[in-house]
Structures are given as structure tokens and as C-alpha cells.
Amino acid sequence: MPEVQVTLPDGTTRVFPEGVTPLEVGESISPRLAAACLAAKVDGRLVDVYVPLHRDAKVELVTDRSADALSVYRHSCAHLLANAVKELYPEAKIAIGPVIENGFYYDFDRTAPFTPEELGAIEGRMNDIIARDTPIRREEMPWEQAKALFDAEQEPYKSELAFERGQNEPVSIYRQGAFNDFCRGPHLPSTGKIKPGTFKLLSVAGAYWKGDEHNKMLQRIYATAFLAKKDLEEHLRRLEEAKLRDHRKLGKELKLFHIDEEVGQGLILWTPAGATIRQELQTFISEELGKQGYAQVFTPHIGKLTLYKTSGHFPYYKDSQFPAIVAPESMDVALEENCSCAELMSRVEAASARLAASVNERAGREVIGAGQIMADDKLLDGFLLKPMNCPHHIKLFASQPHSYRDLPVRLAEFGTVYRWEQSGELNGMTRVRGFTQDDAHLFCTEDQVGAEVRGCLALVKIIFRTLGLADYRVRVGLRDPDSQKYTGTSDNWDKAEAACREAAQTLGVPFTEEPGEAAFYGPKIDFIIKDVIGREWQLGTVQVDYNLPIRFDLTYTGADNTAHRPVMIHRAPFGSMERFVGILIEHFKGAFPLWLAPEQVRLLPIADRHVAYCEAVAGELRAAGLRVSVDARTEKTGYKIREAQLQKVPYMLVAGDREQESSSVSMRTRTGGDKGVMPVEAFKLLALERTRARSLELE
RNA sequence: GCCGACGUAGCUCAGCUGGUAGAGCAACUGAUUCGUAAUCAGUAGGUCCGCGGUUCGAUUCCGCGCGUCGGCUCCA
């Protein structure tokens with residue numbers, strides 16, 4: 001009988017008959033190991049414990065102590081979930097059920113929605129199937145056979161997958177009892193290996209089949225699972241904790257911003273406290289801009305439709321812009337006819353097309369292209385709320401002749417833009433319809449691109465470091481070679497992509513290159529950060545653009561006295577003030593560092609007779625530039641401290657008879673409690689120094 | 001935009017199967033003058049998201065709209 005040699009992780013080798021399974025290898029070592037065995041690694045590849053060995057191999061048994069165990073465990077939980085759903089609701093069709101970052105999900109097609117009660121019932125049935133300890137077995141077959149199997153079971157989604165993915169190679173299915181799934185595997189040996197209480201169904205959501213909005217919407221059950229019950233409990237506890245620092249909750253509690261239905265969804269109203277944070281951030285960034293040779297500019301909130309026609313934003317991004325602002329007469333007509341904004345928009349377009357057609361007819365040839373805007377017609381003399389700042393900055397650049405000696409020109413503006421985000425996308429401060437970018441556009445020669453991009457990245461790093469934002473990732477967004485949505489020549493794209501890649505390499509931070517993530521006009525480098533519930537948000541961005549300079553025919557005079565095309569760089573280290581502050585609220589759990597704290601110091605008089613002294617101290621601190629208040633209410637000190645603490649005021653200064661006599665205060669920090677008595681002057685210097693240094697520490 | 005859940009006082013939330021609403025905190029008034037995370041008492045506060053429908057009667061049931069939340073899709 002042929003034999004195979006098995007090498008174990010400790011380096012020892014054993015000989016077995018050919019066809020031995022990893023499980024049998026485990027049994028030969030110890031029955032306990034075999035019982036604990038969830039999967040196996042054969043020559044580094046994760047497989048089922050039942051897969052026979054036909055060659056010499058390195059074999060590692062995967063138990064719940066292995067790093068690889070969790071994804072197998074979760075994947076088998078996903079099958080268990082689908083198995084339970086099919087038993088309870090045979091009419092439901094199964095789609096896909098992969099493992100994701102913190103758990104897994106399974107998509108079903110079923111007419112009735114899954115209710116919370118049903119999720120409980122499904123969990124119960126999952127436990128039943130665990131109790132049966134049904135073996136889970138892999139079976140390989142030609143794709144035609146798998147398709148026939150799922151056709152017979154009336155599982156159209158599985159049938160489709162077998163057809164699509166199988167064509168070139170045999171496919172595998174997994175069986176557990178009467179339940180079959182089209183799946184690559186591997187899986188646990190049996191349903192009994194899943195421990196009750198280690199998984200939890202979390203929520204139901206809609207999801208398009210294959211992620212395509214033209215396809216049917218399925219019902220997705222999100223769930224999570226861990227190898228140990230305590231890990232699941234810990235995970236659920238962290239989810240609860242995360243909710244407490246959600247910027248929407250803290251923003252309300254700390255009165256940082258307000259969104260009002262009547263003003264409009266996705267439009268942020270900054271309270272005085274929130275505005276203070278924003279203003280401090282803007283001051284900070286303005287200082288850095290000054291150091292880096294930027295010039296600050298101001299431009300209006302609207303621009304003519306023709307401007308955005310030239311830039312390519314309109315009508316390309318028509319669906320994500322607010323409807324055009326049209327002449328008052330047109331608005332009167334629209335109001336009389338009670339037509340919606342969207343309708344008004346389509347009228348603008350229709351009228352544009354009609355006019356173009358008539359002009360073309362008169363000229364006997366096409367002089368005005370489809371979608372082109374006629375600016376001399378009243379109806380069409382419209383404006384757009386600006387979706388981006390670049391066209392305005394480009395016009396500033398173009399308003400004067402430039403020599404190569406002027407370059408780079410760096411124009412910066414806290415520019416407010418408006419975008420018609422889909423209603424389902426809006427989210428607190430992180431996804432809004434009106435926001436202010438800490439925007440700038442750099443106009444430079446081709447030779448300067450690399451240095452300028454590196455300068456932008458350095459700025460982002462300074463900002464992130466100052467705020468202690470360390471947990472971010474960097475993405476270099478490249479064009480998708482199969483897509484037509486980009487403008488510009490592939491030659492220029494290659495140059496721009498190379499510039500981004502090279503600049504990213506100088507960052508000293510790992511980055512990923514992602515095709516398809518570029519802007520329509522050029523590649524970009526994005527800084528991405530996660531919110532409290534794990535959603536990723538793009539903050540800072542640096543984008544290289546060879547295309548808008550062409551569309552606007554920008555030139556500068558070179559040393560050779562001929563016209564050259566400048567290259568543009570778009571960059572925004574915060575991204576938008578709204579999103580950035582939203583993320584900062586969560587990052588700091590609402591406890592902003594001293595320099596950003598809306599209220600930096602609160603004086604707490606012990607009794608009414610100390611109020612005048614506290615007011616005097618407060619006046620002195622305010623004169624020095626600190627943001628100070630006095631809690632003059634007739635309340636006990638403990639009560640005032642508790643309130644200041646909950647409002648996350650960095651410094652609380654308690655003052656009674658002792659302090660009044662010695663011109664001192666008793667300092668308490670938000671983080672460290674009672675720090676004892678110190679002279680007012682000493683506190684003032686301490687607080688000013690920490691503010692000036694933009695320190696993250698209070699003590 | 002799509003699927004689902006939700007919408008009650010400034011905030012956090014109760015309110016079983018239909019009979020026009022409550023608590024805690026906050027606010028206001030009074031008493032208390034207090035030393036490092038909640039003093040006591042009282043008062044006031046609601047178009048139960050909006051509009052229709054069913055019903056003798058709707059916060060409750062149904063429909064539509066608006067908004068929020070979780071996803072999906074999108075994100076210049």
C-alpha cells in the first residue's frame with residue numbers, strides 16, 4: 001500500500017497509508033486533539049479535516065487556538081444560519097453568505113421581511129441543528145451536476161453561481177443533512193463543533209443581488225460569532241460602548257451641532273460650541289498654510305452653469321448636484337405650475353436641447369453639441385450651487401498671465417460646497433449635503449508635481465499628528481482600466497499615477513493601490529479613517545490633475561518663452577470641516593484637547609460669597625485669551641463638578657475662602673481629578689502654554 | 001434612490017389587545033451657603049412627526065408623506 005509522509009508543526013514526521021485524513025493524523029496523536037480539530041492546514045492551505053492526503057505534506061491541525069480557526073468557524077455559522085432559515089422558511093431562497101470583518105452574513109430572497117422575533121426563532125433552530133451534530137461534508141463534482149442539483153432544489157441564485165464560477169473547473173458543494181450549499185470551504189467537521197452562545201444574529205438589511213442596484217433586493221441577516229462565549233460578550237460590550245461616543249449622540253449632549261428638519265436634511269447648523277472647535281481648527285490650518293507658501297482666497301457659493309460645463313461637472317454629475325438656480329421669471333412659472341426642483345432641472349435641459357437644435361438648424365450644421373448649455377437664453381441663464389471649488393480657483397489663476405517663475409501658485413480657501421447626496425446616505429456630520437472643504441489648488445510645472453504632492457502629504461501628516469490620529473490607512477486611487485468615466489490621455493494618467501505612487505512611498509506609512517478609486521480627472525491619495533462602528537470615511541485627500549488645465553486651457557510662459565500647460569493638484573487635509581469634526585468628536589469621545597475645547601476653564605465658587613472672586617479670576621483668564629465660564633449657581637461643589645465633568649470641561653477651578661485669601665485656585669483636571677491649590681498666575685501660564693502648544697495633555 | 005426598523009415633554013424612555021398620556025434628568029420658583037462626580041420641596045412643560053382613512057371614539061389599526069437609524073447602491 002502506498003504511503004505518505006506527514007510533517008507536523010514541531011518538525012517530527014510520521015508515515016501513514018495514502019488517503020489518510022488530517023483527522024486521522026490527529027487521532028494518531030491524541031483523541032483529545034482529534035476532538036478539538038476544526039480544520040487543517042495542508043502545506044499551508046486551509047482544508048477540511050476529511051480531505052485525504054495523497055502526497056507527502058506538512059500538516060497542521062487547526063483548533064480553536066489557531067488564528068485560522070475563526071474564519072472557518074464563522075463560515076460554518078453562516079451555513080448553519082442558512083440551514084436554519086431553510087428549515088423554518090422553506091420558501092426562502094439562499095444567495096451568498098460570506099465571512100466579513102467582524103462576523104458574517106447570509107443573503108436570502110424571501111417575500112416577507114425577517115422580523116426581530118423571527119431572528120430569535122432562527123437562533124433557536126440553529127441551536128437545534130447544533131444539538132443534532134450533523135456531519136458537514138464536502139463533495140466535488142462537475143459544475144453541470146451542481147447546477148442541476150440546485151435547479152432541482154429550486155435555488156436559482158446557487159444555480160447561477162455554479163454556472164458562472166464553475167465553467168472551467170470542478171466545483172465543490174457542502175452538505176449538512178438535507179441542506180446543500182455551493183461553497184469553496186473549508187468547514188467544520190460537523191454542526192456540533194459550533195458552541196451555543198458563541199454566535200448572535202444582529203440585524204436585517206436590504207442588499208442587492210451581486211451588489212448591483214439593477215438586481216433584485218435581497219434580505220441580508222448580519223451576525224457575528226466567536227470561538228469563545230466570552231469573546232462574543234466582549235464584542236457586544238464594545239459595540240455598546242461605541243454607541244456612547246457616536247458623534248451624533250455626543251453632538252447633541254455637548255451641543256456641538258444641530259440638524260433641523262425644516263432647514264433641510266444633511267445641512268449642519270454649528271452651535272457656538274461647535275463653531276469654536278471649527279474656528280480653532282481653521283486657525284491651526286491657516287498657520288500651516290502660511291508656513292507652506294499658500295495664499296488664501298475667497299470665492300462665492302455659486303457659479304454659472306457654463307462654468308461647470310467647461311469643467312465637466314455638469315451635466316456629468318447632474319444627479320448629485322442641487323438643481324440649478326434659474327432666473328426669477330422661470331421660477332414664477334415653475335411655482336404656478338407647482339413643479340418640483342427635479343422637474344425644473346429637466347426643463348432647463350430640455351430647453352437647452354431645443355435651443356441648440358434650432359440654432360443648429362439655422363446654421364445648417366451642428367454648432368452646439370448635445371447637453372451644451374445656452375447661456376444667452378433667460379431660462380438657461382442659471383447658476384449652480386458649487387459642488388467643488390476648483391473651477392473658481394482655476395478662474396482666479398487664469399485671470400492673470402503666469403511665468404514659470406511664479407509657480408507653484410497655491411490658492412487655498414475654506415470653500416463651502418453643496419452636493420445632492422442620496423437621502424439614504426446622509427449620516428450625522430460625516431455625510432452631508434453642504435460642507436466646507438479646507439480646499440486648495442496648486443498650479444505647478446510638471447517637474448514640480450512630485451515635490452508639491454510630497455508637501456501636501458507632509459501637511460496632512462502634521463495635522464494628523466497634532467490631533468493624535470494614528471489609526472488611519474492610506475489609499476492610492478488609480479483609474480480602472482476597463483472604465484470609460486475618466487477624462488484625459490492615458491499618457492498623462494500614467495504620469496500622474498506615477499507621481500502619486502512615488503509620493504506615497506515617501507510617506508513612511510503603508511498604503512494600498514486601488515484601481516477604480518481615482519477621481520474622474522486624476523489619481524489621488526486618500527487618508528481614510530474608521531468611525532465608532534467601523535465604517536470607513538475618507539478625510540484628507542491629494543489629487544493630481546492633468547485634465548482640468550486642459551479643459552480650461554490654462555497656460556504659463558516657460559523659460560523658452562512659449563506657452564506650457566500647468567499641472568493642478570487638488571488637496572484637502574481635513575477633507576471637510578463637517579466630517580472631520582464628526583470624526584474628531586468620536587476620536588476624543590467628546591473630550592477635546594484644551595486648544596479645541598469650546599469651554600476651557602470653569603470656575604466653581606464654593607459659596608455665593610466667592611462668586612465675585614471667581615468672576616475676577618475669570619476676567620483675568622479671558623483677557624489672556626482663554627475661554628472661561630463661572631458656575632455661579634447656588635449648588636453644592638460636588639454637583640457643579642459632576643456637571644463640568646460630564647460636559648468634559650478640561651480644567652475646573654474650585655475657589656473658596658482659602659483660595660480667595662491667597663489669590664489662588666484649586667485646580668481639577670477632567671482626566672486627573674484634584675490637583676491641589678496653585679496661584680492664579682501659575683495656572684494662567686500653564687493653560688496658555690498648553691493651548692499654544694496644541695497639547696493633547698492637560699497635566 | 002432601494003430594503004427594513006423606528007418617530008411620545010428640551011434629553012433619555014414607559015404607555016398589554018383602540019377609551020385624548022406618564023417617569024427620571026434638564027428648565028423655572030422657593031428653601032439650603034455647601035470643599036472635588038447628583039441637597040430638598042414645589043411649578044410649569046405634549047398638535048403623542050404631518051395629512052388622510054377605518055371607528056361612536058385613534059398615540060394605538062390602515063394608507064400616503066416627512067424625518068431618523070441599520071444596511072445596499074452611490075460618493076467629483
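Lettering of chains follows the sequences in order, A, B, ..., and the numbering in each one begins at 1.
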Aromatic ring centroids of [X] and [Y] under 6.0 Å?
{"X": "A/H570", "Y": "A/Y521", "value": "yes"}
{"X": "A/Y106", "Y": "A/Y222", "value": "no"}
{"X": "A/Y472", "Y": "A/F527", "value": "yes"}

- Message: Applying the side-chain hydrogen bond (donor to acceptor under 3.5 Å, both in side chains) criterion to A/D109, which one of A/K216, A/K93, A/Q219 satisfies it?
- Response: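 Exactly one candidate clears the test, A/K216.
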Does anything in [range] reach RNA chain B, meaning a heavy atom under 4.0 Å, and if so which residues?
{"range": "residues 608-617 of chain A", "value": "A/D608, A/R609"}
{"range": "residues 245-261 of chain A", "value": "A/R248, A/K252, A/E261"}
{"range": "residues 100-122 of chain A", "value": "A/P113"}

- Using a distance-only test with no angle check, is there a side-chain donor-acceptor pair under 3.5 angstrom linking A/T430 and A/D531?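 Note: A/T430 and A/D531 side chains miss the donor-acceptor criterion.
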Using whole Å, report how far [atom1] of [X] lies from [atom2] of [N].
{"X": "A/L426", "N": "B/C69", "atom1": "CG", "atom2": "P", "answer": "8 Å"}
{"X": "A/L646", "N": "B/A26", "atom1": "CG", "atom2": "C1'", "answer": "12 Å"}
{"X": "A/D319", "N": "B/C2", "atom1": "CG", "atom2": "P", "answer": "14 Å"}

- Look at the side chain of A/Y639 and decide which nucleotide, out of B/U39, B/C74, B/U33, has an atom nearest to it.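 Closest nucleotide to the A/Y639 side chain: B/U39.
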- Message: When the C1' atoms of B/U29 and B/G67 are compared, how many Å lie between them, rounded to an integer?
- Response: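 Each nucleotide's C1' atom is 37 Å from the other's.
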- Query: Which of parallel (below 30°), tilted (30 to 60°) and perpendicular (above 60°) describes A/F574 and A/F580?
  - Reply: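 Aromatic pair A/F574/A/F580 classed parallel.
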- Item | side-chain N/O A/Q219 vs B/C3 OP1/OP2, d < 4.0 Å | no
